[in-house]
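Sequential numbering from 1 along the given sequence is applied to the chain's residues.
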Amino acid sequence: MTIKRPILKSFIAITFAALVITGCKKEEEPEPTPAPVATDGTTEQSQRASDQSNSDNESNTAMDEANTAMQDVSTTRDFQACGMIIDSSQKAIGKITLNYNGNDCSGTRSRSGSIIIKLPYDSTTSTITRWSDPGCKAELTFVNYKVTYLANNKSLKFNGTHSITNVYGGYFLQRLLASQPIVYKVRADMQISYDDGTSRIWKAAKSRTYSQVAGVVKTTVEGDTIVNGHNDVAAWGTTRMGDSFTLDVPTPIAYYIYGSTCLYKPTGMVVLYVATKSLSITYGVDIAGTIVTGGCPYGYKLNWTDIQGTPQQYVVAY
């Protein structure tokens, strides 16, 4: 059944406010349970997959909140979210700061630190490039932005920058209602620190596309650069153990954020290259690791070759 336009507009607006502004992750991949101790590399590979997933998820959440702050007006606008205080005192020059100071609305994460959003500003003419202008690039600076998962008290802290380019222009809801795709190009240069004293360098180059058909809103993430001879790279840098890594996305990652019973359950595949080894992560599988073609998937599977040269597989629930 097709949802009528006024109802769709209301539903999407409510969903965007509830899921994006608050940073809630109801059906999004929860913090993984500790992997079993094993000699086949399961613990190490699970840790690498978890680190990459958490880095990407928290980056996406932060960008969605920043995007929301820039919606529907010529420059930026105020909004309220759990555990956040908005400083819009410099909004006239295109600057707004998100200050985090407590639990998110889902009650699963606590956040501290800040994210500074800056739109292009011409001091000569005292004009701000609007977020709705095609090609507008917003700069995000993460200052000790720390996320703590309340279930296990594990945390990660971000310092560095993201830039987001609104490729086609327009505003989120406006383009969705017109059935026009929304494309944001992302470039990131971050240092991520963990509670055990380790840290990693995480750089990203990816495109995020949103589309809406008959009331169903879909997000697709693709890598869009070449690094170390790998095509479709979305991220690269060093692991928390100091090893160089490259994340290739041969099959775009897609998931629904509204209108489906399988919300935030991604499908697609990435390959994490660490030194001379590779780890394939296939999203959207059943408990046996078979790709799901109908219904909701159970989780994602990890495939790698251990130090004895034996192929290994491990399935993780969403």
Side-chain angles (χ1 to χ4, degrees), residues 1-30 52-53 56-68 70-72 106 131-132 134 164-186 204-224 232 234-235 247-270 281-286 291-300 318:
M1 178 180 68
T2 301
I3 301 178
K4 293 184 179 179
R5 184 184 179 91
I7 299 177
L8 172 62
K9 181 175 181 179
S10 176
F11 281 3
I12 292 178
I14 292 172
T15 301
F16 195 62
L19 297 182
V20 175
I21 294 178
T22 64
C24 292
K25 301 163 69 177
K26 290 183 180 179
E27 291 190 64
E28 195 170 351
E29 183 179 331
Q52 176 55 42
S53 177
D56 205 51
N57 287 340
E58 297 304 339
S59 167
N60 288 339
T61 297
M63 286 190 293
D64 284 342
E65 290 180 341
N67 179 42
T68 302
M70 297 184 289
Q71 295 296 317
D72 301 327
S106 69
W131 180 235
S132 60
I164 314 173
T165 301
N166 190 354
V167 175
Y168 297 125
Y171 291 117
F172 189 89
L173 183 58
Q174 174 192 64
R175 292 188 66 86
L176 278 185
L177 292 174
S179 296
Q180 298 172 330
I182 300 125
V183 178
Y184 299 135
K185 276 192 173 295
V186 180
K206 56 188 177 181
S207 296
R208 303 178 71 202
T209 301
Y210 296 83
S211 59
Q212 179 272 135
V213 177
V216 177
V217 182
K218 180 181 180 180
T219 300
T220 303
V221 180
E222 301 176 78
D224 62 5
D232 307 313
L247 184 76
D248 197 33
V249 187
T251 304
I253 304 303
Y255 54 92
Y256 299 106
I257 64 172
Y258 177 79
S260 169
T261 58
C262 301
L263 302 181
Y264 296 104
K265 295 186 181 296
T267 60
M269 186 182 76
V270 302
I281 307 173
T282 304
Y283 297 97
V285 302
D286 60 22
I291 294 176
V292 174
T293 57
C296 296
Y298 168 80
Y300 59 96
Y318 284 139

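Rounding to the nearest 0.5 Å gives a distance of 7.5 Å between CZ of Phe172 and CG of Asn67. Atoms OH and CD1, on Tyr168 and Ile182 in that order, are 11.5 Å from each other to the nearest 0.5 Å. In this structure, the separation between NZ on Lys218 and CD1 on Ile257 is 12.5 Å, given to the nearest 0.5 Å. Of the inter-residue distances, the one linking Asp64 atom CG with Thr219 atom OG1 reads 7.5 Å to the nearest 0.5 angstrom.
In this structure, Tyr283 and Tyr318 have parallel ring planes: the angle between them is below the 30° cut-off, well short of the 60° mark.
Residues Asn166 and Met70 have side chains not in contact (no heavy-atom distance under 4.5 Å, counting atoms from C-beta outward). Taking the side chain as every heavy atom from C-beta outward, Trp131 and Ile164 approach each other to under 4.5 Å.
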- Report the C-alpha separation of Gln52 and Ile281 in whole Å, then their side-chain angles, then the decisive distance to 0.1 Å, and conclude whether the side chain to side chain contact (heavy atoms under 4.5 Å, CB included) test is met. CA-CA 11 Å; Gln52 176 55 42; Ile281 307 173; 5.6 Å; no

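Counting all heavy atoms, side chain and backbone alike, Pro252 lies closest to Thr220 at CB-CG2, 3.7 Å. In terms of heavy-atom proximity, Arg208 sits nearest to Tyr255 at NH2-OH, 4.1 Å. Gln212 and Val217 make their closest contact through CG-CG2, 4.1 Å (heavy atoms, listed as atom of the first residue, atom of the second, distance). Closest approach of Asp232 and Pro250 over heavy atoms only: OD2-CA, 4.4 Å.
When the shell of 6.0 Å around NZ of Lys185 is examined, it contains more than 12 heavy atoms from other residues, nucleotides or ligands.
Distance alone, capped at 3.5 Å, places no donor-acceptor pair between the Tyr256 side chain and the Thr261 backbone. A donor-acceptor pair under 3.5 Å links the side-chain atoms of Arg175 to the main chain of Pro181, judged by distance alone. Of the possible donor and acceptor atoms, none in the side chain of Glu58 sits under 3.5 Å from a partner among the backbone N and O of Asn60.
Checked against Met269 for a side chain to side chain contact (heavy atoms under 4.5 Å, CB included), the options Ile291, Thr282, Val249, Ile253 give a single hit: Thr282.
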